[in-house]
Amino acid sequence: AQRVTQPEKLLSVFKGAPVELKCNYSYSGSPELFWYVQYSRQRLQLLLRHISRESIKGFTADLNKGETSFHLKKPFAQEEDSAMYYCALRTGTYKYIFGTGTRLKVLA
Amino acid sequence: NAGVMQNPRHLVRRRGQEARLRCSPMKGHSHVYWYRQLPEEGLKFMVYLQKENIIDESGMPKERFSAEFPKEGPSILRIQQVVRGDSAAYFCASSPLTVDTEAFFGQGTRLTVV
């Protein structure tokens with residue numbers, strides 16, 4: 001089965017604390033994984049993808065095929081990071097499957 | 001490139017009416033996806049289309065919902081005889097037929113059924 005699991009619906013951290021948003025996937029093929037962010041009342045936008053291995057706004061994510069995970073991390077959270085975060089898997093047929101999302105709240 | 005355009009942004013329908021949501025993909029994109037976001041919930045996949053073809057409609061309710069992506073014009077998501085439970089944000093995304101490319105999202109249509 002093709003599935004993306006984000007176990008936390010809500011994650012609250014204090015400003016300056018480390019952040020880790022969990023994402024696990026289930027896919028028999030070679031996965032392409034993405035993290036999207038949705039700020040309040042805005043469209044979803046790409047945050048980063050595993051294939052480029054880049055860091056955007058201080059966020060990084062490493063694909064761990066052994067654990068089938070693609071967790072999103074940031075060492076020091078900022079208030080403007082408060083948003084909804086979605087992990088997504090693209091299958092070989094170009095279908096994008098999203099997790100249910102994690103709402104990150106960064107407290108002052 | 002104007003990005004993925006969805007209209008209307010807001011749509012109010014009475015129970016039993018029809019709702020038509022439009023999505024114009026980015027120029028050069030041949031794939032369109034529709035997702036539904038219920039209040040306080042995440043994105044749920046509905047349907048994946050290419051020009052004139054439905055590739056995967058496994059997320060579409062069996063009744064009242066239909067989608068098309070004609071050769072000319074935008075993709076349409078049609079909901080017949082709307083009910084209160086259809087109230088949600090409906091997002092469209094598009095992507096080209098190339099590897100290493102993400103899906104680009106529209107701003108969504110917020111449907112309210114009264």
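A note on names: the letters A, B, ... follow the listed sequences, proteins ahead of strands, and every chain is numbered from 1.
- Just one of R110(B), R64(B), R14(B) meets the salt bridge (Lys or Arg N to Asp or Glu O under 4.0 Å) condition when paired with D86(B); it is R64(B).
- The two residues K71(B) and K51(B) make their nearest non-hydrogen contact at O-NZ, 3.2 Å.
- E18(B) has no carboxylate O lying under 4.0 Å from a charged side-chain N of R13(B), or vice versa, which leaves the two without a salt bridge.
- Remark: Q37(B) pairs with Q38(A), Y86(A), L43(B), A89(B), F91(B) by the side chain to side chain contact (heavy atoms under 4.5 Å, CB included) rule, at least two apart or across chains.
- For S58(B), the part lying near chain A is the side chain, with the backbone staying farther off; criterion is any non-hydrogen pair under 4.5 Å.
- A salt bridge is absent between D81(A) and K57(A); no separation between the charged side-chain nitrogens and carboxylate oxygens falls under 4.0 Å.
- At a 4.5 Å heavy-atom cutoff, the contact between L46(A) and chain B is made by side-chain atoms alone.
- Heavy-atom pairs under 4.5 Å with chain B peak, among Q45(A), M84(A), R43(A), at R43(A).
- At a cut-off of 3.5 Å, with distance as the only test, a side-chain donor of S95(B) or Y33(B) sits close to an acceptor on the other residue.
- The aromatic rings of Y36(A) and F34(A) sit tilted relative to each other, their planes meeting at an angle between 30° and 60°.
- When the heavy atoms of residues 98-108 of chain A are compared with those of chain B, the residues falling under 4.5 Å are F98(A), G99(A), T100(A), listed by number.
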